[in-house]
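Following: one structure in structure tokens, then a few remarks.
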Amino acid sequence: MVQVTLFLLVLSLALGAHSLSPRRCKLTGNWVNDLGSNMKIFAVDGEGGFSGSYLTAVTASGNEIKESPLQGSLQRKNQKGQPTFGFTVNWTFSDSITVFTGQCFVDKEGKEVLKTMWLLRSSVDDIENDWKATRVGINIFTRVQSQ
Ligand code: BTN
């Protein structure tokens with residue numbers, strides 16, 4: 001009887017401690033950003049590598065938007081469940097490329113959010129135009145809730 005009580009006590013303490021600890025932020029899944037762009041991140045491999053697809057809501061190219069592949073890397077050193085990462089989107093419908101870097105956070109409401117910065121490199125015909133070929137910005141992604 002004493003053993004059962006002890007076991008139940010330890011179990012409830014363990015469960016209580018678990019629910020108190022902040023959630024971990026996971027990169028895999030479907031995300032939407034503040035521009036309305038959609039991103040899917042597939043499984044992260046043992047070395048932190050991942051792939052996915054990106055459907056941008058906007059373009060600087062004037063071309064018809066198409067879903068494009070992304071390749072990324074997750075930093076796996078202990079960052080208290082809020083890891084940093086980077087990824088590249090190789091646009092299939094323009095001759096540009098975008099690199100994103102950011103961190104996967106759990107906010108005060110317990111919701112996952114990706115805070116990112118990006119560089120969009122466009123192709124220019126002349127080296128004289130290099131100065132205007134790179135745009136910079138931020139995007140905030142939230143998880144698309146599966147229904
Ligand atoms: C292009 O216009 O050549 C390719 C599409 C670029 C879309 C950019 S990448 C940064 C920003 N965040 C988005 O979700 N879309 C734009």
Side-chain angles (χ1 to χ4, degrees), residues 7-127 129-147:
F7 172 74
L8 289 175
L9 186 69
V10 170
L11 188 69
S12 62
L13 282 175
L15 290 175
H18 179 74
S19 63
L20 282 181
S21 64
R23 275 179 56 201
R24 302 180 82 78
C25 187
K26 270 180 61 183
L27 266 195
T28 49
N30 295 353
W31 300 89
V32 61
N33 74 16
D34 49 302
L35 292 171
S37 300
N38 282 275
M39 173 172 75
K40 290 187 193 119
I41 297 185
F42 310 141
V44 178
D45 70 25
E47 280 156 2
F50 61 86
S51 59
S53 64
Y54 202 105
L55 184 61
T56 180
V58 296
T59 177
S61 71
N63 299 339
E64 185 193 340
I65 291 171
K66 296 205 171 88
E67 196 166 40
S68 300
L70 69 83
Q71 292 287 340
S73 192
L74 176 74
Q75 170 57 266
R76 291 175 314 140
K77 287 189 194 71
N78 181 22
Q79 292 169 94
K80 298 183 182 134
Q82 302 195 116
T84 52
F85 61 86
F87 63 85
T88 301
V89 187
N90 196 335
W91 304 106
T92 54
F93 61 90
S94 80
D95 51 10
S96 310
I97 200 150
T98 303
V99 290
F100 286 81
T101 186
Q103 187 164 357
C104 189
F105 289 106
V106 179
D107 72 10
K108 287 198 176 76
E109 280 82 47
K111 270 180 43 187
E112 293 166 300
V113 55
L114 308 180
K115 298 276 245 173
T116 69
M117 282 197 78
W118 51 263
L119 293 172
L120 166 60
R121 174 69 198 207
S122 300
S123 172
V124 284
D125 291 338
D126 196 306
I127 198 169
N129 292 326
D130 177 66
W131 65 272
K132 61 177 178 181
T134 308
R135 293 173 170 84
V136 61
I138 61 167
N139 277 142
I140 300 169
F141 294 81
T142 53
R143 193 176 283 285
V144 176
Q145 297 308 325
S146 51
Q147 18 213 326

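No hydrogens, no waters, no symmetry mates; every other heavy atom, side chains included, goes into these values.
- Checked by atom type and distance alone, the side chain of Glu109 never pairs as donor or acceptor with a backbone atom of Lys111 at under 3.5 Å.
- When all heavy atoms of Ala57 and Ser37 are compared, the pair lying nearest together is N-OG, 2.9 Å.
- For the atom pair CD1 of Ile140 and NZ of Lys115, the computed distance is 4.0 Å after rounding to the nearest 0.5 Å.
- Other residues, nucleotides and ligands place no more than 12 heavy atoms under 6.0 Å from the CG atom of Asp125.
- Atom-to-atom distance recorded for Phe105:CZ and Lys80:NZ is 12.0 Å, nearest 0.5 angstrom.
- For Arg121 (side chain) and Val99 (main-chain N/O), no donor-acceptor pair under 3.5 Å exists by modelled atom type.
- To the nearest 0.5 Å, atoms CE (Met39) and OG1 (Thr116) are separated by 7.5 Å.
- Applying the side chain to side chain donor-acceptor pair (under 3.5 Å) test to every pair with at least one member in residues 82-91, sequence neighbours left out, gives these pairs: Gln79-Thr84, Trp91-Thr98.
- Summarising the geometry, atom CG belonging to Leu27 is positioned 5.0 Å from atom CG belonging to Leu74; distances are rounded to the nearest 0.5 Å.
- A heavy-atom distance below 4.5 Å is not found between the side chains of Arg76 and Pro83.
- Rounding to the nearest 0.5 Å places OG of Ser68 at 10.0 Å from OH of Tyr54.
- Between Thr56 and Ile65, the closest heavy-atom pair is O-CG2, 3.3 Å.
- Here the closest non-hydrogen pair linking Glu112 and Arg143 is OE1-NE, 2.5 Å.
- Between Asn33 and Leu35 the shortest heavy-atom distance is OD1-N, 2.8 Å.
- Between Val106 and Arg23 the shortest heavy-atom distance is CG2-O, 3.1 Å.
- Listed by first then second residue, pairs satisfying disulfide (SG to SG under 2.5 Å) with a partner in residues 63-119 read Cys25-Cys104, not counting sequence neighbours.
- A donor-acceptor distance shorter than 3.5 angstrom exists from the side chain of Asn63 to the backbone of Phe93, with no hydrogens or angles considered.
- Nearest approach of Glu67 to Leu55, heavy atoms of both residues: N-CD1, 3.7 Å.
- The structure places OG of Ser123 at 10.5 Å from CG of Asn129, a figure rounded to the nearest 0.5 Å.
- Pairs of residues two or more places apart, or lying in two chains, that qualify as ring-ring contact (aromatic ring centres under 6.0 Å, His included) and include a residue from residues 65-88 are Phe87-Phe100.
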